[in-house]
Amino acid sequence: MNLTLWSKKPLYHLKPILPELVGLAIFLILWQLGAMQYGSIVLPSPRETGIAIGRLATTGQLGDALLTTSFHLLAAFTIAVLLGIFLGIIAGIKLWFKKAISPIISALQGIPPIAWIVLALLWFGTGNAVPIFTITVATLPIMFIGAVEAIQTFPTPLLEMASLFRTPQNVLLTDLYFPHLLSYIFPSLVAGLGLAWRVAVMAELLSSETGIGAELNLARINLDTDEVMAWIAIVVVSIWIGEYLILRPLRYLLEPWRRTET
Amino acid sequence: MLILDRIYYQYDLYPILDGVSLTLAPGQILCLTGPSGCGKTTVMRIAAGLIKPNSGVVNNRFAGTAYVFQEPRLLPWQTTQENIAFGLKAQGISPAKRDRYSQELAQQLGLEKALNHYPHQLSGGMQQRVALGRALAINPDLLLLDEPFKGLDIGRRREFQAMLLKLLSDRKLAACIISHDLAEAVRFGDRILVMSPSPSRIVHQWQSPQSPATRDEVYIYQEVSQLLALPQVSSCFHLNNIASHPNFMKSQSN
C-alpha cells in the first residue's frame, strides 16, 4: 500500500474493495430499516447487536466459544481435506475406484447433516466428537469432488509437452500436478469452509455445551434476541475472516501467477 | 539424420497417412506444406515419437530433438524464465545454471523484459517465443516446429522468421517446419515436401540451391508461382476447383 497516495486521495486504498463495502452498507441499511419496523424483540438493530457482541467479548464467552468452534472446524476440516483429496486423487487416476466410491460419496452428499447429527449423538453421546464427525462427513464430498475434477481436467497437452522433455516424476509432481490441483482445490476449500461453519453451529447447538452453536441455543432459551443476533453476526464475521483474511491471502501466497490475473 | 520410411497410419479404420517417406540431414531445414488437414502434424508427431505408425520405420539419429507445438503449451503458473528453463529442470540441471541459460536465451529472443511475467500477461507472439526458447534451452540438434508463425501479423511474422533463421543457422540446427503457406515454406526450406490430403501422400518435392538467407521476395514469388503451376500441387490446395467455379468466372468478367 502506497502511503503517499493515501494523503493525496483519501479513500484511495479502499477503492479496490469499494463494491464489497457498498454491498455491506446496503445490507446494514436494510437490517436497520427492518429493526425499526419490527422492534428489537423480533429483530435487534445492528447497534444493539454490536453492543451484545461487546458484552459477550468482555465476559469471555465469545473467546471461549470461538476457540471451541475453531477447534471443531480445524480438526474436522483438516481430516475432510486430507482424506477427500487423497481419495479424490486415487479416484481421478483409477476409474474403477471412482466408480466404486461414487455411490458412497453421493450418499454422503445426499444425507442431510441433521441425520448425521442424530446418528453421531447415538454413537458418541455429547462432546467434541459429534461436531467433528458431522463436519467431516458433510464436507468430505466437496473436497473429494474437487480433487477428482482437478485430476480429470488435467491438461494433457501439457503432459505431452513434459513427456517430450523426458520429465521425471518428481518434477511432474511439483511443476504440473501440484499447481493444477491447487488451483482446483481452492474454490472447493472456500465452499467447504462455508458449509463447515453451518454444520458446526448446528451440531454444537444440538449436541454440545460449548461452542458458538451451544451459546446460540442458550441465548434462544433465555429469549435473548440481541444475543442470538450477536452470535449469528459472529459466525458471519468469522466466515468472512476465514475467506478474506486466511484463504485468499493463502491463495495469493501459493499462487503468485494469479496475482496479475484479471 | 531423421528417416521416416513408408509410414502408414490409420485412425479408427480411416487411413491418415499412406506411405509417407522423408529424410532430414543434420543442419538442413525441411518444410512440410500442404492444405489444412493433410496430415502434416501427424507426420511430425510420428517423427517425435508421440504416436506410433501402423507400419513403416522411424529412425531418429539426432542426439536431441525438441518440439515446438502449434499452441505454446506454457505452464500458466510459471514465469517466462521458469518456462524456458523447464526442459533443463527436467534434466536435473542446477537452478543457477538454469537461470543463467534461460536469461541468455530470453535475451536472444527479445524477452528480457518479460522474464518475470506469467504466460497470460504475454501476447501470443511472445508466448510462442517462450515456447521456442524452452525448446532451444535443451540444446537440441533437431527442432520440430508446427506452424510456428500462426496468428502473427505480417510484421511480427517477418521479425520472428528472421529471428528463427538466424537461431537455426547460428546453432547449425536441423529443423522440420510445418506451414500451410507455400510462400513461407519457400522462404525457409532447403527442401519442401508438398502433401495432399485424404489419405496423405507426398505429391511433390522441391529443393533450392540458394540458402534461405540469400533469397529475396522476387525469387520467393517466382518459385511459388512455378510450384502452383504444377497440377499435383495446385490440385492438393483445391486451386483448380476454384478457377473453374462459376462465381470465380463471374468476378473475373466484371
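Scope of the values below: all heavy atoms of this structure, side chains included, with no hydrogens, waters or symmetry mates. As the structure is a prediction and not an experimental result, all values here were calculated from the model. The sequence lines fix the lettering, A, B, ..., with proteins before strands; numbering per chain opens at 1.
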Task: Per-residue contact mode, A/Ser163 against chain B (heavy atom under 4.5 angstrom) - done: side chain
Task: Engaged part of A/Leu176 at the chain B interface, taking heavy atoms whose separation is under 4.5 Å - done: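 Contact with chain B involves both backbone and side-chain atoms of A/Leu176.
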For the [atom1] atom of [X] and the [atom2] atom of [Y], what is their distance to the nearest 0.5 Å?
{"X": "A/Thr167", "Y": "B/Gln91", "atom1": "OG1", "atom2": "CD", "value": "9.5 Å"}
{"X": "B/Tyr118", "Y": "A/Glu255", "atom1": "OH", "atom2": "CD", "value": "10.5 Å"}
{"X": "B/Leu88", "Y": "A/Phe165", "atom1": "CG", "atom2": "CZ", "value": "8.5 Å"}
{"X": "B/Leu50", "Y": "A/Met161", "atom1": "CG", "atom2": "CE", "value": "12.0 Å"}

Task: Any donor-acceptor N/O pair, B/Trp77 side chain to A/Pro256 backbone, under 3.5 Å - done: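 It does not hold such a pair.
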If every non-hydrogen atom of [X] is compared with every non-hydrogen atom of [Y], which pair is closest and at what distance?
{"X": "A/Val171", "Y": "B/Phe86", "answer": "CG1-CE1, 4.3 Å"}
{"X": "B/Arg73", "Y": "A/Leu158", "answer": "O-CD2, 3.6 Å"}
{"X": "A/Pro168", "Y": "B/Ala90", "answer": "CD-O, 3.1 Å"}

TODO: Report, by ascending residue number, the residues of residues 128-144 of chain B in heavy-atom contact with chain A at a distance under 4.5 Å; give 'none' if the set is empty.
DONE: B/Arg134, B/Ala135, B/Ile138
TODO: Find the one option among A/Asn170, A/Leu172, A/Asp175, A/Leu164 whose heavy-atom pairs under 4.5 Å with chain B are most numerous.
DONE: A/Asp175
Task: Heavy-atom pair count under 4.5 Å with chain A, highest-scoring of B/Ala48, B/Pro76, B/Gly64 - done: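 Option with the top pair count is B/Pro76.
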Open item on the list: Around atom CZ of B/Arg157, are there more than 12 heavy atoms from other residues, nucleotides or ligands closer than 6.0 Å?
Closed with: yes
- [ ] Taking atom CZ of A/Phe27 as the centre, report whether more than 12 heavy atoms of other residues, nucleotides or ligands fall under 6.0 Å from it.
- [x]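 Open: at most 12 neighbouring heavy atoms sit under 6.0 Å from CZ of A/Phe27.
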Open item on the list: Under 4.5 Å from any heavy atom of chain A, what part of B/Leu74 do you find: side chain, backbone, both or neither?
Closed with: backbone
